[in-house]
Number of protein chains: 2
Amino acid sequence: MTPLTQADLTKPCPTRELLDRIGDAWSVLVVLNLQMGPCRFNQLRRQVGQISQRMLTVTLRHLERDGIVSRTVFPTNPPQVQYALTPLGQSLAEVVVVLHRWATANQGSVDAARKLFDEPVGAGIQIRAA
Amino acid sequence: MTPLTQADLTKPCPTRELLDRIGDAWSVLVVLNLQMGPCRFNQLRRQVGQISQRMLTVTLRHLERDGIVSRTVFPTNPPQVQYALTPLGQSLAEVVVVLHRWATANQGSVDAARKLFDEPVGAGIQIRAA
DNA sequence: CTGTATCCTGGATGATACTG
DNA sequence: CAGTATCATCCAGGATACAG
């Protein structure tokens with residue numbers, strides 16, 4: 001409801017800015033995971049899954065810089081670093097969770113659409129068949 | 001509220017799939033623009049702004065394949081092609097709009113955080129100053 | 001454990017030219 | 001107008017090695 005107007009998009013186009021942050025796939029995943037509670041580096045690494053160490057570091061620095069996550073170092077031995085969502089990050093997380101929910105709920109629809117698209121003509125009549 | 005559980009993320013991780021679609025910056029922008037109503041190719045091109053013709057084509061095909069947008073050709077001369085959100089696309093659009101709203105509302109906070117981050121020490125004491 | 005520093009490659013993207 | 005095809009580029013991201 002209440003669709004946006006052209007003006008909403010044209011302004012200084014904050015959407016472009018937005019996408020530089022959350023358009024990045026890893027950021028979304030990190031936020032989703034942190035949204036479950038504070039987390040240490042390697043723990044987060046394992047949870048997120050396929051992310052490389054480098055990318056996790058880069059992503060976290062990015063999010064930290066944007067005030068989305070906080071980084072707390074406990075001077076223990078070995079060192080512990082805890083990452084958590086800031087209040088701003090939590091507000092973002094809520095939105096991202098909605099996105100995640102949509103994806104989960106509509107995964108079937110998308111997959112079905114793809115199948116249809118990839119097999120435009122049924123019953124053996126394949127236009128682009130080799 | 002109602003944070004996700006680890007299980008929600010680990011499943012077959014639909015989030016990864018999700019990100020392949022909307023994690024792409026152009027897709028988000030196209031959906032946001034189409035959400036304002038059906039649109040023709042070049043019209044959309046102008047509205048989205050910096051997108052190249054190729055990328056708009058690729059993005060639209062992607063969204064079409066995923067059942068997010070529909071493509072209707074009017075056999076006029078010159079040809080007219082109308083792109084519009086499908087019902088599925090509209091449901092996605094609603095979520096994306098929320099994202100857009102968040103970005104607009106919190107742009108200031110993020111910018112402020114960045115400023116702080118980029119100038120960690122005030123009053124002329126610059127650790128990394130050249 | 002929690003990173004930083006380098007090197008290197010593939011795929012995403014833009015530019016350009018052509019077509020129905 | 002609405003694309004497709006092709007080529008060149010560039011940089012995000014992985015792999016690896018090293019460090020506090």
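Quick note: numbers below take in every heavy atom, side chains included, and nothing from hydrogens, waters or symmetry partners. What you see is a predicted model, and the numbers here were worked out from it, not measured in a lab.
- Linking Ile, Leu, Val, Met, Phe, Trp and Tyr whenever their side-chain heavy atoms come within less than 4.5 Å leaves A:Leu34 and A:Phe74 in two separate clusters.
- No option in B:Val58, B:Thr59, B:Val30 other than B:Thr59 meets the side-chain contact (heavy atoms from CB on, under 4.5 Å) test with B:Asp24.
- Here the OG atom belonging to B:Ser91 is positioned 9.5 Å from the CG atom belonging to B:Leu85, to the nearest 0.5 angstrom.
- Between D:dG3 and B:Tyr83, a contact under 4.0 Å exists linking OP1 or OP2 to a side-chain N or O.
- Residues B:Asn33 and B:Cys39 are not in side-chain contact: their nearest non-hydrogen atoms beyond the backbone lie 4.5 Å or more apart.
- Between D:dC1, C:dG3, D:dG3, one nucleotide has an atom nearer to the side chain of B:Arg40 than all others, and that is D:dC1.
- When rounded to the nearest whole Å, the span between CG of B:Leu60 and P of D:dC1 equals 16 Å.
- Not one side-chain nitrogen or oxygen of B:Arg45 sits closer than 4.0 Å to the OP1 or OP2 atom of D:dG3.
- For the pair A:Asp24 and B:Pro78, nearest-nucleotide mapping onto DNA chain D gives the more 5' position to B:Pro78.
- One finds a side-chain N or O of A:Arg71 lying less than 4.0 angstrom from the OP1 or OP2 phosphate oxygen of C:dG3.
- We find that CZ of B:Phe41 is positioned 11 Å from P of D:dC1, with the value rounded to whole Å.
- In this structure, the separation between CD on A:Gln90 and CD on A:Gln35 is 9.5 Å, given to the nearest 0.5 Å.
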Subject >> Under 4.0 Å protein heavy-atom contacts per nucleotide of nucleotides 14-20 of chain C, with B for base, S for backbone only and - for none >> reply: BB----B
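- Atom pair A:Leu56:CG and D:dG13:P shows a separation of 13 Å (rounding to whole Å applied).
- The distance from atom CG of A:Leu29 to atom C1' of D:dG13 is 15 Å, rounded to the nearest whole Å.
- The closest side-chain heavy-atom distance from B:Arg71 to B:Leu60 is not below 4.5 Å.
- Note that the CD atom of A:Glu94 and the CH2 atom of B:Trp102 stand 11.0 Å from one another [nearest 0.5 Å].
- Going from atom CG of B:Asn42 over to atom P of D:dG3 covers 9 Å, rounded to whole Å.
- Between B:Ile68 atom CD1 and B:His62 atom NE2 the span is 11.0 Å, to the nearest 0.5 Å.
- Residue A:Leu44 contributes atom CG, which lies 12 Å from atom C1' of C:dT2 at whole-angstrom precision.
- Rounded to an integer number of Å, the gap from A:Gln82 CD to C:dC1 P is 16 Å.
- With rounding to the nearest 0.5 angstrom, the CZ atom of B:Phe41 is 4.0 Å from the CG atom of B:Leu56.
- Remark: C1' of D:dG3 and CD of B:Gln43 are 17 Å apart, rounded to the nearest angstrom.
- Taking five base pairs at each end of the helix from C:dC1-D:dG20 to C:dG20-D:dC1 and finding the rotation axis that steps the C1' atoms of four pairs onto the next four gives two axes whose angle is 50°, to the nearest 10°.
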